[in-house]
Amino acid sequence: MTLPLGNVCCASIPHEALPLLAALRTSPAVRARRVGERIWLRWPPGDGTVLRRVLPIRGAEVFERRDGNWYVPGRHLPVFNVPDDADAQTLLHLLSPAPFKAEDQPHSKGDPVALRLVRDDAPRRTAALECAAAELLRWADGATTHALAAVEIATLDGRVLMLGIRLPPLPGAVRFWGRSVFLPLGFRAEPQLPESALREAFALSRDEIVFIREAGVEVVDRGVFRAATRAGVRRAGGVGAP
């Protein structure tokens with residue numbers, strides 16, 4: 001029997017299945033709330049995009065609203081365990097790309113493939129770095145105006161991220177290669193996928209970039225970066241501009 005699902009606007013999925021909804025994390029229409037080990041989702045009725053993502057999830061349960069009560073589609077008795085959505089949030093608040101986990105065991109045929117970092121000695125140009133604000137300040141004190149203008153900086157949680165094609169050799173800096181998916185120098189992704197495929201896997205928007213580390217990943221809005229100026233560097237280093 002084929003059930004009509006056009007009125008479905010609520011679902012419950014296992015908490016561990018939340019990463020399967022990564023493609024919806026920027027949708028303002030999808031709201032989510034964790035209750036115990038389940039994630040409860042709400043969205044406008046008739047949104048087939050959300051439903052197509054939810055239905056294949058193992059353990060997913062869907063509900064529709066009728067006459068002020070919640071029902072399992074095709075059932076005539078209401079259910080009363082659907083929580084309210086008073087504390088629901090967008091998926092962006094609950095979901096970010098999961099950290100990488102090293103895999104020592106080979107995958108059997110048909111298993112999902114884990115993305116991980118592996119050592120690689122191919123020569124690559126540094127395109128980004130992460131450093132302490134104090135190191136950036138020391139470099140900027142002696143840098144030329146041309147050298148400053150060649151880089152962009154962003155300050156996040158006391159750290160400084162820098163983009164550019166001629167980045168300074170700062171002590172203690174972590175250096176990355178890439179264009180919008182940045183990996184540490186000396187490493188590559190395994191499986192070795194093109195950057196476009198990695199962007200799709202992380203469900204990045206056009207204005208987002210991602211830094212991949214052994215400990216996990218960090219998605220950053222490209223718009224937070226600004227051209228480096230002496231005044232901007234001093235502010236990043238906690239020193240008032242003159």
Side-chain angles (χ1 to χ4, degrees), residues 19 22 25-26 89-102 115-190 195-196 198-199 201-242:
R25 67 190 181 93
T26 58
Q89 301 174 296
T90 62
L91 287 175
L92 192 61
H93 290 85
L94 299 177
L95 180 64
S96 58
F100 290 112
K101 182 179 180 181
L115 189 67
R116 59 196 181 103
L117 291 176
V118 297
R119 290 283 182 180
D120 184 55
D121 58 3
R124 294 185 173 93
R125 181 189 295 273
T126 300
L129 63 78
E130 179 182 27
C131 68
E135 294 299 335
L136 176 68
L137 186 59
R138 277 192 283 270
W139 166 74
D141 283 343
T144 65
T145 301
H146 179 74
L148 285 167
V151 301
E152 295 178 279
I153 61 172
T155 305
L156 299 171
D157 301 324
R159 303 168 293 120
V160 175
L161 296 175
M162 184 183 296
L163 304 177
I165 59 174
R166 292 184 179 87
L167 298 175
L170 301 182
V174 180
R175 307 176 76 81
F176 299 84
W177 65 274
R179 296 172 60 189
S180 64
V181 177
F182 295 101
L183 296 94
L185 283 184
F187 291 85
R188 63 173 173 82
E190 178 63 38
E195 193 164 276
S196 58
L198 290 173
R199 289 188 62 85
F202 287 116
L204 298 179
S205 71
R206 184 179 60 181
D207 299 323
E208 290 178 323
I209 60 178
V210 63
F211 290 82
I212 301 177
R213 304 173 176 85
E214 289 186 282
V217 300
E218 180 180 24
V219 177
V220 180
D221 191 320
R222 185 65 174 80
V224 302
F225 287 86
R226 296 289 184 270
T229 62
R230 294 192 195 281
V233 168
R234 290 190 178 100
R235 286 193 293 271
V239 180

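The shown structure was predicted, so the numbers you read here are calculated from the model rather than taken from an experiment.
The salt bridge (charged side-chain N to carboxylate O under 4.0 Å, His left out) contacts involving residues 219-230 comprise Glu152-Arg222, where partners must be two or more places apart or lie in separate chains. Listed by first and then second residue, the ring pair (Phe, Tyr, Trp, His ring centres under 6.0 Å) pairs involving residues 147-179 are Phe176-Phe211 (not counting sequence neighbours).
For the pair Glu214/Pro184, no side-chain contact is recorded, criterion being any heavy-atom separation below 4.5 Å from C-beta on. Inter-residue side-chain proximity for Leu161 and Phe182 is flagged as unmet; no heavy-atom pair is nearer than 4.5 Å.
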Practice item. Begin with the C-alpha distance, continue with both residues' side-chain angles, and end with the deciding distance and a verdict on side chain to side chain contact (heavy atoms under 4.5 Å, CB included) for Arg25 and Val219. Key: CA-CA 13 Å; Arg25 67 190 181 93; Val219 177; 4.1 Å; yes
Practice item. Test side chain to side chain contact (heavy atoms under 4.5 Å, CB included) on Thr229 and Leu148 and set out the steps. Key: CA-CA 6 Å; Thr229 62; Leu148 285 167; over 6 Å; no
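Expressed to the nearest 0.5 Å, how far CG of Leu183 lies from CZ of Arg124 amounts to 8.0 Å. Once rounded to the nearest 0.5 Å, the distance linking CG of Leu117 with CG of Leu115 reads 7.5 Å. For the atom pair CZ (Arg175) and CG (Leu167), the distance works out to 6.0 Å, reported to the nearest 0.5 Å. Interatomic distance, Glu218 CD to Ile209 CD1, rounded to the nearest 0.5 Å: 9.0 Å.
Taking each heavy atom of Ala173 and Cys131 in turn, the nearest pair found is CB-CB, 4.1 Å.
Under the ring-ring contact (aromatic ring centres under 6.0 Å, His included) criterion, Phe225 pairs with no residue at all, not counting sequence neighbours. Residues satisfying the side-chain contact (heavy atoms from CB on, under 4.5 Å) criterion with Ser205, sequence neighbours excluded, are Asp207, Glu208. With sequence neighbours excluded, the residues forming a side chain to side chain donor-acceptor pair (under 3.5 Å) with Glu135 are Arg138, listed by chain and number. For Arg188, the salt bridge (charged side-chain N to carboxylate O under 4.0 Å, His left out) partners are Asp120, Glu190, not counting sequence neighbours. Thr90 is linked by a side-chain contact (heavy atoms from CB on, under 4.5 Å) to Arg31, Leu92, His93, counting only residues two or more places apart in sequence or in another chain. The side chain to side chain donor-acceptor pair (under 3.5 Å) test applied to Glu195 returns Ser180, not counting sequence neighbours. Shown here are the side-chain contact (heavy atoms from CB on, under 4.5 Å) partners of Thr144, two or more places apart in sequence or in another chain: His146, Ala147.
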